[in-house]
Each structure stands twice: as C-alpha cells, then as structure tokens.
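To start, the structure under review is shown below, and the notes come after it.
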Amino acid sequence: HFSQATLFFNSQTEPEKTHIINALTFELSKVTDVKIRERQVAILNQIDHDLAKKVGDNLNIKPSKELDELTLKFARQNHPNYPIKPKKPELEKSPSLSMNTEIGEGTIETRKVAFLVDNGVSKTSVDALKKALEAEGAEAVLISSKIGPLTYLEGETEIIEHTYLTDPSVCYDAVYTPSGDSIKTLISNPDYFEFINDAYKHCKILAFANGTNTLLDKSFVEKDKGVILESDDDNWINNYIDVMKSHRIWEREEARKVP
C-alpha cells in the first residue's frame with residue numbers, strides 16, 4: 001500500500017518536504033498529458049493530502065480523493081480486491097529516513113569535495129584542507145579548466161583528471177576554492193561561476209580561502225552558515241567539516257537566493 005511512502009514523507013524535515021514537493025512539481029510539469037498529471041497527483045493524495053495539494057497547486061490541479069480506473073486496474077493485477085484498507089502503521093515517523101543531522105552528530109566519510117583550481121593555485125592552500133578532509137574519510141577532487149599537468153604556485157605539478165566541463169557540481173557534496181594566482185584565471189571563467197552558483201543553489205557547503213573574495217563578490221553566493229571564509233576564522237577548516245556533517249543548508253531552498 002502507500003504506508004511506506006507516507007512514513008517516508010512524514011519523516012522528513014520541512015525543508016526536505018519542500019525539496020520533494022519542488023522535485024515532483026518539476027517532473028510532472030514536463031508531462032504533456034494532463035490526465036497523467038491528474039492521475040499522479042491523485043496517487044500523491046493517497047500518500048499525504050498536504051503533499052498532493054501543494055504539488056497540485058503548482059500544476060493547477062485539484063487532487064482527487066479517489067484513484068482513477070486505470071490506476072485501479074494496474075493495482076488489481078497484484079491485489080485483486082484493491083483498494084484495501086491498510087493496517088495501522090507501527091511507526092508514524094522514523095528519523096533515520098531523513099537526511100537531517102543533529103548538531104554534533106554525523107560524519108563526512110565518503111563525501112566528495114570539489115577543489116576548484118587552475119594553474120598557479122597554492123599547493124599549501126590545497127593541502128591544508130585536503131589533509132583534514134582525508135583524515136575524516138572524505139575525498140578531495142581537483143577540478144581545473146584542462147586535464148593533464150597543473151602547475152602549482154610553488155612550482156610543483158600534479159595531473160588533473162577532472163574539468164569544469166566534465167564534472168558538474170551535482171557530482172559533489174561540497175566545494176572549496178583555494179588561494180593562489182589561479183584566482184586571476186578563475187575570475188574570467190564562466191564555468192567556475194556556474195559551478196559555485198549551482199552548488200550554492202543546491203544548498204551545498206562552500207569554502208573560500210584567503211584572497212578569493214573577488215570571486216565570491218562576482219558570484220550569486222551570499223554569506224550564510226554554509227559559506228565558510230578562511231579570512232573570518234583561524235578555525236575555518238574545523239568549522240567547514242562540522243557544517244559538512246549536516247550535508248546541506250536546507251534554509252536556502254526556501255529563500256531561493258540565486259536568480
């Protein structure tokens with residue numbers, strides 16, 4: 001029945017519920033047949049009325065209380081007597097079904113952090129955060145404008161395997177812009193700004209090293225608890241890791257700060 005879906009939705013925090021409503025609205029807005037949209041909203045109404053109403057409002061659809069005959073026909077292939085009255089659920093909510101993490105809890109193990117670089121980036125700036133992340137079980141991935149050798153400010157080189165064209169921000173959990181002469185190149189790189197703007201819009205945590213304020217000022221990124229600046233705090237690395245444990249800054253989703 002719909003009890004598992006109801007349990008999942010009821011277990012989400014309000015920002016997460018908003019995320020689900022927006023995602024369903026997006027997907028159903030791409031459906032060209034209004035009958036299919038109405039059918040799906042009616043199914044959502046079996047899960048949660050508030051969910052169906054909000055998605056329906058976004059689609060100019062009033063949720064039906066009843067499932068249509070086509071939906072019932074398919075359901076009866078597995079359950080001949082459908083609709084059936086569901087049993088009373090054992091649980092109304094389960095915190096483990098939510099991505100929400102209480103303060104002081106959580107981990108960044110297996111998280112992937114994008115280091116946005118170019119030639120002239122400071123290896124010292126890269127290594128300072130990279131070593132701290134790896135100690136916590138996270139992975140630092142260098143992304144540049146070209147694959148192949150990258151030359152650090154200090155003169156050393158490293159092979160780059162990821163670029164702004166091949167790796168969008170959706171592939172990463174958090175973002176870091178190190179310091180160095182690379183800033184002079186990144187300031188005119190639209191792909192760099194697309195990366196950080198999208199990461200910010202998707203509620204991810206971003207960090208900016210000393211000297212990167214010109215990049216921050218040119219972006220749509222606005223300072224909040226998920227935008228960590230090295231220039232603000234000597235303990236910025238630990239703060240960055242602590243905020244990463246919450247996974248996302250869900251408050252941004254409602255604010256819609258990015259045009």
Determine, stepwise, if the pair K225 / E251 fulfils salt bridge (charged side-chain N to carboxylate O under 4.0 Å, His left out).
CA-CA 10 Å; K225 66 180 182 181; E251 295 87 343; 3.4 Å; yes

Are a donor atom and an acceptor atom from the side chains of E16 and S98 found within less than 3.5 Å of each other?
yes

Does the side chain of L129 reach to within under 4.5 Å of the side chain of Y240, using non-hydrogen atoms?
yes

I want to check something: taking the side chain as every heavy atom from C-beta on, are F195 and Y172 in contact at a cut-off of under 4.5 Å?
yes

Exam field: side chain S188 to backbone T185, donor-acceptor pair closer than 3.5 Å
yes

Is there a side-chain contact (heavy atoms from CB on, under 4.5 Å) between Y200 and V175 once you walk through the steps?
CA-CA 9 Å; Y200 177 79; V175 181; over 6 Å; no

Mark yes or no for whether H202, through its side chain, and D198, through its backbone, hold a donor-acceptor pair below 3.5 Å.
yes

Could you tell me whether the side chain of D48 and the main chain of T6 form a donor-acceptor pair under 3.5 Å?
no

Would you call F115 and V141 a side-chain contact if the rule is heavy atoms closer than 4.5 Å?
no

Is there a side-chain contact between K54 and T18, using heavy atoms and a 4.5 Å cut-off?
no

Within the side chain of S11, is there an N or O that forms a donor-acceptor pair under 3.5 Å with the backbone of L7?
yes

Could you list the residues that satisfy ring pair (Phe, Tyr, Trp, His ring centres under 6.0 Å) with H247, not counting sequence neighbours?
none

Does some side-chain heavy atom of V243 sit less than 4.5 Å from a side-chain heavy atom of I228?
yes

So do the side chains of V121 and Y152 get within less than 4.5 Å of each other, counting heavy atoms only?
yes

Partners of I43 by side chain to side chain contact (heavy atoms under 4.5 Å, CB included), sequence neighbours excluded?
F2, Q40, L67, T71

For S125, does its backbone N or O pair with a side-chain atom of S122 as donor and acceptor, under 3.5 Å?
yes

With sequence neighbours left out, what residues match E136 under side chain to side chain donor-acceptor pair (under 3.5 Å)?
none

K218 NZ: over 12 foreign heavy atoms closer than 6.0 Å
yes

What residues, two or more places apart in sequence or in another chain, satisfy ring pair (Phe, Tyr, Trp, His ring centres under 6.0 Å) together with Y192?
none

Would you say the side-chain atoms of N235 and N238 include a donor-acceptor pair closer than 3.5 Å?
yes

Separation of L229 CG from N239 CG (nearest 0.5 Å):
11.0 Å

Carefully, step by step, assess V41 and K62 under the rule side-chain contact (heavy atoms from CB on, under 4.5 Å).
CA-CA 8 Å; V41 172; K62 183 178 180 180; over 6 Å; no

Under the ring pair (Phe, Tyr, Trp, His ring centres under 6.0 Å) test, which residues partner F9, sequence neighbours left out?
none

Check R252 with E222, please: is the shortest side-chain N to carboxylate O separation under 4.0 Å?
no

Above 12 or not: heavy atoms from other molecules or residues under 6.0 Å from CD of Q4?
no

Taking K112's backbone N and O only, do any of them form a donor-acceptor pair with D173's side chain (distance below 3.5 Å, no angle check)?
yes

Tell me whether K73 is salt-bridged to E69, with the criterion being a basic N under 4.0 Å from an acidic carboxylate O.
no

Within a radius of less than 6.0 Å around CG of D234, do more than 12 heavy atoms belonging to other residues, nucleotides or ligands occur?
no

Given side chains that start at C-beta, do those of N58 and L24 come closer than 4.5 Å, heavy atoms only?
no

Looking at N45 and S64, would you say the former's side chain and the latter's main chain have a donor-acceptor pair under 3.5 Å?
yes

Is the CD1 atom of I147 crowded by more than 12 outside heavy atoms at less than 6.0 Å?
no

Take the angle between the ring planes of H19 and W250 and call it parallel below 30°, perpendicular above 60°, tilted in between.
perpendicular

Run the side-chain donor-acceptor check on residues 28-37: report pairs under 3.5 Å with partners two or more places apart or on a different chain.
from, atom 1, to, atom 2, distance (Å)
S29, OG, T25, O, 2.6
D33, OD1, K35, N, 2.9
R37, NH1, V31, O, 2.5

If only atom types and distance count, is the side chain of E154 paired as donor or acceptor with the main-chain N or O of K123 below 3.5 Å?
yes

Charged N to carboxylate O below 4.0 Å: is that the case for R39 and D68?
yes

Would you say that more than 12 heavy atoms from the other residues, nucleotides or ligands in this model lie under 6.0 Å from the NZ of K17, or not?
yes

Are T212 and E230 side-chain neighbours, meaning at least one heavy-atom pair lies under 4.5 Å?
no

Less than 3.5 Å apart, any donor N or O on the side chain of N189 or D118 sitting next to an acceptor on the other?
no

Give, for atom OG of S144 and atom CD1 of I159, the distance between the pair rounded to the nearest 0.5 Å.
11.5 Å

Hey, does the side chain of K201 reach the backbone of I196 with a donor-acceptor pair shorter than 3.5 angstrom?
no

Same cluster or not: L142 versus L153, using hydrophobic residues (I, L, V, M, F, W, Y) connected whenever any side-chain heavy atoms lie under 4.5 Å apart?
no

Taking L97's backbone N and O only, do any of them form a donor-acceptor pair with Q12's side chain (distance below 3.5 Å, no angle check)?
yes

